[in-house]
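Report on one structure; see the data block that follows.
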Amino acid sequence: MHTRVVRLSDAAEVSEAVAAQLLKRVLQLQQRQPVVHLCLTGGNAANDMYERFAELAEHSELDSTRLQLWWGDERFVPATDPDRNSQQAVTRLARTISIRSADTHMMAAQDGRKDSHEAAAEYESELGETHFDLTLLGIGPDGHVASIFPNHPSFDPTNRKVIGVEDSPKPPAERISLTIPALNNSAEIWVMATGDVKANAVARTLDGDLSLPAAHIQAEGATVWFLDEAAAADLPPQHSCSF
Ligand SMILES: O=C(O)[C@H](O)[C@@H](O)[C@H](O)[C@H](O)COP(=O)(O)O
């Protein structure tokens, strides 16, 4: 377990760096194992990166038939709602990558489900003992990751892997989320943070403020923070390394 911080100049450079490193890592993993399990996130930083990743992957050796996509959280809204993290990601990735639905493990939409708790139980069953080769996360200004929020029932200790989330401080109000232990069931975790609104949460997290869900994120191997200068503004100068 170790944490690395990569400081880049701006959000565009974060997208570029994460997309390039993600393609490199997936190709490395596909050299040595039959299937790669990625756990994706929502949010603007992630969506920008998916756009760039699709561009880079188009002329690469990426074998999408050996890639399983999962999500760390989802907005509990109708299937056609553009707010869904999985739709936002797949729309961008599918521009150049042929993704089979069987390899795309989306969390249930609101249609036909009693509530987010029912949808969470379904996903927990589908997830089973899956171990992620790499989990991608964003971080909120309040230090949330996925849909685990500080001072909120979603952050309560649990032995569940997937939970329903009500009254989310970040709209929409109802969500589904992997819990912190389920997110940490990853060989690596990469967190993207850009913009000055994240600076306080990033600094408190990397300083070990355990009142923030993000501070509990710890991969089995490397946990890498990709930050632009604005999001890194409250860090001491030594917090920096190249990837
Ligand atoms: O469903 C969501 O909204 C995301 O999963 C959420 O956890 C996101 O990653 C952070 O809020 C950062 O979002 P931005 O990158 O847009 O700031």
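Position 1 is the first residue of the sequence; numbering continues from there. Start at 1 and go down the list; that is how both ligands and their atoms are numbered. All values below come from the heavy atoms of this structure, side chains included, with hydrogens, waters and symmetry mates left out. Since we're looking at a predicted model, the values are computed, not measured.
Nearest protein heavy-atom contact of atom 9 (O) of ligand 1 is Gly42 O, 2.9 Å. Annotation: atom 15 (O) of ligand 1 to nearest protein heavy atom, Ala45 N, 3.2 Å.
Asp81 and Gln110 form no side-chain donor-acceptor contact under 3.5 Å, judged by distance and modelled atom types alone. A donor-acceptor pair shorter than 3.5 Å can be found between the side chains of Ser86 and Glu74. Counting only N and O atoms by type, the side chains of Gln88 and Asn47 include a donor and acceptor under 3.5 Å apart. One side chain, Arg175 or Ser168, offers a donor N or O that lies under 3.5 Å from an acceptor on the other. Side-chain atoms of Asp142 and His144 include a donor-acceptor pair closer than 3.5 Å.
Remark: ligand 1 atoms within the under-4.0 Å shell around heavy atoms of Asn85 are 1 (O), 2 (C), 5 (O). Near Ile139, meaning under 4.0 Å from one of its heavy atoms, ligand 1 places the atoms 12 (C). Within ligand 1, counting atoms from 1 as listed, the ones closer than 4.0 Å to a heavy atom of His144 are 6 (C), 7 (O), 10 (C), 11 (O). Numbered from 1 in the order shown, with element, the atoms of ligand 1 that lie under 4.0 Å from a heavy atom of Thr41 read 5 (O), 9 (O). Each of the atoms 1 (O), 2 (C), 3 (O) of ligand 1 lies under 4.0 Å from some heavy atom of Arg75. Close contacts between ligand 1 and Asp73 involve ligand atoms 1 (O), 2 (C), 4 (C), 5 (O) [criterion: under 4.0 Å to a heavy atom]. Near Lys170, with a cut-off below 4.0 Å to any heavy atom, the atoms of ligand 1 are 2 (C), 3 (O), 6 (C), 8 (C), 10 (C), 11 (O), 13 (O). Those atoms of ligand 1 with a heavy atom of Asn44 less than 4.0 angstrom away are 14 (P), 15 (O), 16 (O).
Look at Glu51 and Arg92 and you find a salt bridge, because one of the NZ, NE, NH1 or NH2 atoms lies within 4.0 Å of a carboxylate O, short of that distance.
In terms of polar-atom proximity, Lys198 is counted as a contact of ligand 1, with an N or O under 3.5 Å from an N or O of the ligand.
Heavy-atom neighbours of Asp10 CG from other residues, nucleotides or ligands within 6.0 Å: above the threshold of 12.
For Tyr50 (side chain) and Thr91 (main-chain N/O), no donor-acceptor pair under 3.5 Å exists by modelled atom type.
Using a 4.5 Å heavy-atom cutoff, the side chains of Ile163 and Ser154 are in contact.
Close to ligand 1: Arg175, with a non-hydrogen atom less than 4.0 angstrom away. Contact analysis leaves Ala46 out of contact with ligand 1, as no non-hydrogen atom separation drops below 4.0 angstrom.
Remark: among candidates Ala146, Gly138, Gly140, the nearest residue to atom 6 (C) of ligand 1 is Ala146, based on non-hydrogen atoms.
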